Amino acid sequence: MSLFVPMNLTCPECAEVFTSEAVGSVNADRRADLRDEILAGRFQIMRCSACAHEFRLEPDFNYLDVGRSQWIAALPARALRDHLEIAAEKQAVFDLSYGSQAPAAAQSVGQGLQQRLVFGWPALREKLVLAENGLDDVIWEVAKLDLLRSLPEAPLGEGVELRLMGVSGDLLDLAWIRAESEEHLNDFQVERGLYDGILAAPAPWAAVQALLGASMFVDIQKLFMGTGEDAA
């Protein structure tokens, strides 16, 4: 089931303190509407009771979609630098819920789940878009690296990410996004062949695929952090 808990919030516009419901977990099999809200960018948008200012809570919840084989721990974008420690913590959470430490019935469900860790709303949304279109997220991250080699002015940097927004026939809709604010810096399209080519001939990318898929945090962002798995 999906869980929500009352939380005291402070409006960033007028500093009014009010209470609203913050998500603790999402079960997309039972609440497809919540998945739709995440894809639409409307999930967890709060309205101040005093000034009506709208703002979005940072993600901090677990997402389950058994039908699409997804279990995702979603955290705030600002926590990215702690991804190694957080991945270990979330692995323990999964093991207790659906893994080796879970009851047999839960383990049977967990065997079919892909475990992922994301930081920020754009990263979470991208995982849902990939699943919706039958795209492998490890191959997609490799495709991003290949694409970066050909982009003359890629604004890649801490807090700025390249995300898949959707699939339009033979074209992939992409955007450079500020992870915390969700501001779009640049939207563009590339041929789907970028992904299909690597899927068909993955051998040259075997080493980076292994690196990207070594933990539940499957994202090229970890390759640019300067420490951690990329330095191991």
Side-chain angles (χ1 to χ4, degrees), residues 2-5 7 9-13 20-29 31-48 53-65 68 70-83 86-87 89-90 93-94 114-133 135 137-138 140-141 144 155-167 172-188 212 215-225:
S2 300
L3 297 176
F4 291 82
V5 295
M7 178 179 290
L9 306 174
T10 301
C11 175
E13 185 72 15
S20 191
E21 297 243 304
V23 67
S25 65
V26 168
N27 185 324
D29 299 287
R31 292 290 306 274
D33 59 311
L34 301 183
R35 177 179 177 276
D36 292 343
E37 287 186 20
I38 294 172
L39 287 168
R42 299 192 305 266
F43 189 54
Q44 290 287 270
I45 291 180
M46 304 298 172
R47 182 188 293 269
C48 175
H53 175 70
E54 290 187 341
F55 61 98
R56 197 175 193 184
L57 295 186
E58 294 178 308
D60 191 357
F61 61 97
N62 295 332
Y63 175 94
L64 176 66
D65 188 337
R68 293 179 176 83
Q70 289 185 298
W71 184 92
I72 305 173
L75 277 294
R78 56 184 167 80
L80 175 61
R81 281 200 166 271
D82 297 321
H83 69 87
I86 293 173
E89 294 170 3
K90 294 304 179 182
V93 171
F94 179 86
Q114 182 186 72
Q115 307 160 46
R116 290 296 183 256
L117 169 65
V118 300
F119 296 92
W121 289 113
L124 173 60
R125 185 186 182 280
E126 181 179 61
K127 295 298 185 187
L128 305 194
V129 171
L130 288 166
E132 180 72 14
N133 290 279
L135 304 179
D137 65 338
V138 177
W140 171 238
E141 294 299 321
K144 284 184 188 177
L156 183 68
E158 188 165 357
V160 178
E161 304 170 350
L162 180 61
R163 296 298 175 194
L164 177 68
M165 304 304 297
V167 178
L172 303 177
D173 303 319
L174 306 180
W176 287 103
I177 304 176
R178 294 193 187 278
E180 290 198 41
S181 67
E182 301 180 66
E183 174 191 0
H184 284 222
L185 303 178
N186 183 28
D187 295 77
F188 63 103
L212 287 165
S215 76
M216 65 169 60
F217 182 43
V218 176
D219 197 308
I220 62 170
Q221 295 299 115
K222 69 182 178 183
L223 304 182
F224 305 103
M225 301 307 295

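Remember, predicted model here, so these are calculated numbers, not experimental data.
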Review point. How many angstroms lie between CD in Gln70 and CG in Leu64, if you round to the nearest 0.5 Å?
Key: 9.5 Å

Study note, to complete from the structure: Shortest non-hydrogen pair, Leu124 vs Ala74, comes out as CD2-CB, 4.2 Å

Practice item. May I ask you to say whether Lys144 pairs ionically with Asp137, meaning some side-chain N is under 4.0 Å from a carboxylate O? Key: no

Exercise for review: Any chance you could lay out the side chain to side chain contact (heavy atoms under 4.5 Å, CB included) test for Asp60 and Leu75, step after step, and finish with the verdict?
Suggested key: CA-CA 5 Å; Asp60 191 357; Leu75 277 294; 3.6 Å; yes

**Study point:** Between CD on residue Gln221 and CD on residue Glu161, distance to nearest 0.5 Å
**Key:** 4.5 Å

Point to revise | Any Asp219 side-chain heavy atom under 4.5 Å of Leu80 side chain | key: no

Check your understanding: Can you tell which of Leu34, Ile38, Val23 makes a side chain to side chain contact (heavy atoms under 4.5 Å, CB included) with Tyr63?
Key -> Ile38

**Study point:** Interatomic spacing from CD1 in Ile72 to CZ in Arg116 - rounded to 0.5 Å
**Key:** 9.0 Å

Point to revise | Heavy-atom side-chain contact between Leu39 and Arg125 under 4.5 Å | key: yes

Point to revise | Whether Phe43 and Trp121 hold their rings parallel, tilted or perpendicular, with breakpoints at 30° and 60° | key: perpendicular

Revision key, fill the gap. Applying side-chain hydrogen bond (donor to acceptor under 3.5 Å, both in side chains) to Glu182 and not counting sequence neighbours gives Arg56

Point to revise | Heavy-atom side-chain proximity of Leu172 to Trp140 below 4.5 angstrom | key: yes

Check your understanding: Yes or no on side chain to side chain contact (heavy atoms under 4.5 Å, CB included) for Ile220 and Leu162, after CA distance, side-chain angles and deciding distance?
Key -> CA-CA 9 Å; Ile220 62 170; Leu162 180 61; 5.6 Å; no

Exercise for review: Using the side chain to side chain contact (heavy atoms under 4.5 Å, CB included) rule, take Leu135 and Val167 through it: C-alpha gap first, then chi angles, then the decisive distance, then the call.
Suggested key: CA-CA 10 Å; Leu135 304 179; Val167 178; 4.3 Å; yes

Exercise for review: For the pair Lys90 and Gln115, evaluate side chain to side chain contact (heavy atoms under 4.5 Å, CB included) and give the outcome as yes or no after the intermediate values.
Suggested key: CA-CA 9 Å; Lys90 294 304 179 182; Gln115 307 160 46; over 6 Å; no

Practice item. Answer yes or no: is there a side-chain heavy-atom contact under 4.5 Å between Glu132 and Arg35? Key: yes

**Study point:** Considering all heavy atoms, the nearest Thr10-Phe55 contact
**Key:** O-CZ, 4.2 Å

Practice item. Taking all non-hydrogen atoms of both residues into account, name the closest pair between Leu212 and Lys222 and its distance. Key: O-NZ, 3.2 Å

Revision key, fill the gap. Heavy atoms of Pro155 and Val160 approach each other most closely as O-CG1, 3.4 Å

Point to revise | Euclidean distance, Arg81 CZ relative to Ile86 CD1, rounded to 0.5 Å | key: 12.5 Å

Review point. Can you find a heavy atom in the side chain of Phe119 that is under 4.5 Å from one in the side chain of Asp82?
Key: no

Review point. Taking Glu126 for the side chain and Leu164 for the main chain, is one N or O donor matched with an acceptor at less than 3.5 Å?
Key: yes

Point to revise | Shortest non-hydrogen contact from Leu174 toward Met165 | key: C-CG, 4.1 Å

Review point. From Met46 CE over to His53 NE2, what is the distance, rounded to the nearest 0.5 angstrom?
Key: 12.5 Å

**Study point:** Point-to-point distance, once rounded to the nearest 0.5 Å, from CD of Gln44 to OG of Ser20
**Key:** 7.5 Å

Revision key, fill the gap. Heavy-atom closest pair (Arg163 atom, Ala123 atom, distance to 0.1 Å) is NH2-CB, 3.5 Å

Point to revise | pair Arg31-Val26: side-chain heavy atoms closer than 4.5 Å | key: no

